[in-house]
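No hydrogens, no waters, no symmetry mates; every other heavy atom, side chains included, goes into these values. Every chain is numbered from 1 and lettered A, B, ... according to where its sequence line falls, protein lines coming before strand lines.
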There are 2 protein chains.
Amino acid sequence: MASHGGRGRSGGRPTLEEVAARAGVGRGTVSRVINGSPRVSDATRAAVEAAVAELGYVPNTAARALAANRTDAIALVVPEPETRFFAEPYFSDILRGVGAELADTEMQLLLIFAGSDRERQRLAQYLAAHRVDGVLLVSVHADDPLPDLLSQLEIPAVISGPRSAAESLTSVDSDNYGGARSAVEHLLGRGRRRIAHITGRLDVYGAQRRVDGYRDALRDAGHPADELLIEPGDFTEEGGRRAMRLLLAHHPDLDAVFAGSDVMAAGARQVLREAGRRIPDDVALVGYDDSAIARHMDPPLTSVRQPIQEMGRAMIDLLQTEIADRRPPASRGLDRRRAVLPTELVVRASS
Amino acid sequence: MASHGGRGRSGGRPTLEEVAARAGVGRGTVSRVINGSPRVSDATRAAVEAAVAELGYVPNTAARALAANRTDAIALVVPEPETRFFAEPYFSDILRGVGAELADTEMQLLLIFAGSDRERQRLAQYLAAHRVDGVLLVSVHADDPLPDLLSQLEIPAVISGPRSAAESLTSVDSDNYGGARSAVEHLLGRGRRRIAHITGRLDVYGAQRRVDGYRDALRDAGHPADELLIEPGDFTEEGGRRAMRLLLAHHPDLDAVFAGSDVMAAGARQVLREAGRRIPDDVALVGYDDSAIARHMDPPLTSVRQPIQEMGRAMIDLLQTEIADRRPPASRGLDRRRAVLPTELVVRASS
DNA sequence: ATCACTTGTGGGAGCGCTCCCACAGTACCT
DNA sequence: AGGTACTGTGGGAGCGCTCCCACAAGTGAT
């Protein structure tokens, strides 16, 4: 286990060649062992592994990247300013999910913010230099040029939250439609009838799908949606407050609010409380994301849980496949892959 | 400006050699231009730059890393679980500061969490592979083995928040002692006399220094500190609550609280409010960090501002120096560098 | 005119790997 | 006996740079 600390006589790090000499084999064989090729006899493998341990050999990443034309690194690109990244639990949850999935890999994860023009400039340079094997995109707006840049540079990419039903990149999504439906059906089941919806940014496809789910749930239950009860938000707490104020002003009789995110629900809650409405007695409240905010809200917030961990896992899986597929200049099929993961309603005291 | 998109005929990315051929010069000359060497005539430089633009040349990072034995990347290592990273504004502030300073550099910043044993394992591998030129360490506890590992591997490192007065690594710090003094002097100036202190984790050197500043400010003003008014916290909100409860129970006559962080001040505020104490009328409250929390608290919190941006700048500066110094196997002097930056008291309604 | 230096330039060597071809050895058919 | 196939192995070539030596050309002192 313990490396004897015995480095090559030159004081530098040991190389493949030195390991090979020590193990009494050729350079190619050591390379095969290091890379887990099956075409090595057990005895040879053992000898090489012993030499590796004795010398404390660690492969030189740069040499490997140069020779193999891959970097073993992928980037998580957040096209938002850092402030939003830290403010929104969604991002850190995704990061955690991806990180967990990557933990047993050799892959290195890079976190790159591309909120400002300057940062985007840097990112473009970075991608042009092919410093990563693939890219994970989160929270991309409909008009963002990034996906085009990526396909132009032929860099494998997976997007979380497709930009539209016709998303051209491989994508991972949660079932926004189904999640919204289950939230509204839950409220209907609790006897609520005047159910408002504070939407997310409508240039985000997932937010649209939640509106669709909200509408369809009401319609299918025989209570077609009152379009006026749909108030656009923007995923921020302040947006939630603003929307809630408008809703209260125009529809004082509402008895439930389905917010497109927990953060907006938090804003809504504040306004409701200031208006003297009790939760859930007067107005039931349901959020989306099931973030830490939901658990710590007073009262605890019913919310739609997205399987973030699984989404991270799925993103990595798909990206690895893309990377592997692209290695030979394959027939880049039009079979864009797409994963949609189920959501789960977590019922708490707010509804 | 616009790259014509004309890649080498082979469809791959253009190489130095191709740029050289196009510009009618040798490979070495192109390399000199790319790396900004002054030993190139203006005419040649212009020709090379034109060729670079026409071909859309971007240097191959792996080849450069292999040949030059450097990676142009540094890591920001956070020896904490990700959750704490996202919960504490201090980290994101530091990240922002470092990121801003790095924006005009070619340097790439990597964010690495080393909270769990598994993550530390990975980090050790990572460092052993020398995948970064240097390391920025934040929030390291006194008994952490990481600094030793770094000096063993001879990886340049700068630590933010030295572990002790005898810190062996190059360090950047804010003037915790002076900051605490100014907070206490401010409270004294407002006529407060029973000033309590909720400390940070005392295995963090900066937290100790704040206690020292608190003590000395009181002593120098002729009101030696009542040691019982010093209550240990742990930088968390819950810790702030706990400490505040104890303080109120044992010292109901206190008229001011100096908390070692804004987060703890938020916890303290909650307990004070629940106990019916008005802020600042009954009890004045001062925090530390001047984070977003301080601005958004009700009432807004007086807090000691650390020049995070400047600290980030200083860390990068010092690290770059370390990296440059180490390039030739220099006489590793014992002249450990250390920067201490001044703090500023931001007075708001809470005091 | 000679020498000594400086400036700008070209290109060889080499960084530490991966990829792949060559080949020895063994096994199992014809 | 020859063919065919597969397994395990060694080592050459080459990835795209940087470093550095060599050297031509110019400059100025002797």
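- For A/S41 and D/dT7, the shortest distance from a side-chain N or O to OP1 or OP2 is not below 4.0 Å.
- Atom-to-atom, CZ of B/R32 to P of C/dG11 comes out at 11 Å; the value is rounded to the nearest Å.
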Inset, instruction - Quick one: do B/E80 and B/S139 satisfy side chain to side chain donor-acceptor pair (under 3.5 Å)? Show the steps, please. - result: CA-CA 8 Å; B/E80 302 274 355; B/S139 171; 3.0 Å; yes
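- Taking only distance into account, the side chain of A/R45 never meets the base of D/dG8 through a donor-acceptor pair shorter than 3.5 Å.
- Here the nucleotide nearest the side chain of A/N60, chosen from C/dT18, C/dG16, D/dT7, is C/dG16.
- Applying the 4.0 Å criterion to OP1 and OP2 of C/dC17, one finds that A/S31 has every side-chain N and O outside that range.
- The line from CZ of B/R70 to CE of B/M107 is 8.0 Å long, rounded to the nearest 0.5 Å.
- Of the candidates C/dG16, D/dG16, C/dG10, D/dG16 carries the atom nearest the B/T15 side chain, counting heavy atoms from C-beta on.
- Here the P atom of nucleotide D/dC15 and the CZ atom of B/R13 are 14 Å apart, to the nearest Å.
- Between the CG atom of A/L66 and the P atom of D/dT18 there is a distance of 12 Å, rounded to whole Å.
- Considering OG1 of B/T15 and CG of B/N60, their distance stands at 9.5 Å, rounded to 0.5 Å.
- Residue B/R27 is classed as a base contact, given a heavy-atom separation below 4.0 Å to a base.
- A centroid separation of 6.0 Å or more is found between the aromatic rings of B/F113 and B/F91.
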